[in-house]
Engineer: 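The structure under discussion is supplied below as structure tokens; questions concerning it will follow.
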Amino acid sequence: KDLSTNEGGFLQVTLEGIGLKFATRRVHIDLCHIRNCSTQGGVFLLEEFVPSTQETIQHRFGSQMCNQICYAVLCLFSYVAASRNTSN
């Protein structure tokens, strides 16, 4: 649930970043634009850097699975970092 709009939806962690699907809109956050992710209670916090405006936006999502979502994002960061290290 997007806490800023109160919309329920689906969040998917992929190799490219995070996909969000709501009833009326879809959002994709590129992995390279994610600056931070954490949890606070039952809330998944995600900071997105927007290059065109040079601003950081904080997204807040309510979920019973917020810890698992954050862990999946952190695993993705580790996977990408490890693959970059082996290709260099």
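Basis for what follows: all heavy atoms, side chains included, without hydrogens, waters or symmetry-related copies.
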Engineer: Is it true that L45 and I69 fall in one hydrophobic cluster, defined by side-chain heavy atoms closer than 4.5 Å?
Structural biologist: no
Engineer: Partners of E7 by salt bridge (charged side-chain N to carboxylate O under 4.0 Å, His left out), sequence neighbours excluded?
Structural biologist: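 R25.
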Engineer: Do V27 and H59 have side-chain heavy atoms sitting under 4.5 Å apart?
Structural biologist: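 No, too far: nothing below the 4.5 Å cut-off.
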Engineer: Minimum heavy-atom separation for H33 and P51, please, with both atom names.
Structural biologist: NE2-CG, 3.4 Å
Engineer: Is it the case that over 12 heavy atoms from other parts of the model lie below 6.0 angstrom from the CZ atom of F77?
Structural biologist: yes
Engineer: Taking side chain to side chain donor-acceptor pair (under 3.5 Å) as the test, write out the residues that go with S63, two or more places apart.
Structural biologist: none
Engineer: Is there a path of hydrophobic side-chain contacts, each under 4.5 Å between heavy atoms of I/L/V/M/F/W/Y residues, joining L15 to I29?
Structural biologist: yes
Engineer: How long is the gap from CD on E16 to CG on L76, to the nearest 0.5 Å?
Structural biologist: 9.0 Å
Engineer: Determine whether more than 12 heavy atoms belonging to other residues, nucleotides or ligands lie under 6.0 Å from atom CD of Q54.
Structural biologist: yes
Engineer: Please examine the side chains of F61 and C66, heavy atoms only from C-beta on, and report whether any two atoms are closer than 4.5 Å.
Structural biologist: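 With C-beta onward as the side chain, the pair stays apart.
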Engineer: Assigning hydrophobic clusters by single linkage (Ile, Leu, Val, Met, Phe, Trp, Tyr; side-chain heavy-atom cutoff under 4.5 Å), is V80 placed with L46?
Structural biologist: yes
Engineer: Look only at the side chain of R26 and the backbone of A23, and say whether a donor-acceptor pair between them is shorter than 3.5 Å.
Structural biologist: no
Engineer: If we only count heavy atoms from C-beta on, is the D2 to L20 side-chain gap below 4.5 Å?
Structural biologist: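 No, every pair of side-chain atoms sits at 4.5 Å or beyond.
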Engineer: Can you find a heavy atom in the side chain of R60 that is under 4.5 Å from one in the side chain of S4?
Structural biologist: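 Answer no - side chains too far apart.
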Engineer: What heavy-atom pair brings C37 and L74 nearest, and what distance separates the two atoms?
Structural biologist: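 Closest approach of C37 to L74: SG-CD2, 3.9 Å.
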Engineer: Taking the side chain as every heavy atom from C-beta outward, state whether N6 and K1 have any pair of such atoms under 4.5 Å apart.
Structural biologist: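 N6 vs K1: side chains touch.
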Engineer: Indicate if M65 and V43 have the same hydrophobic cluster label, given that clusters are the connected sets of ILVMFWY residues with side-chain heavy-atom separations under 4.5 angstrom.
Structural biologist: no
Engineer: Looking at C70 and T39, what are the two nearest heavy atoms and their distance?
Structural biologist: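 Looking at all heavy atoms of both residues, the closest pair is CB-CG2, 3.8 Å.
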Engineer: Would a single hydrophobic cluster contain both Y79 and I18, if residues Ile, Leu, Val, Met, Phe, Trp and Tyr are joined by side-chain heavy-atom contacts under 4.5 Å?
Structural biologist: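 Shared cluster, yes.
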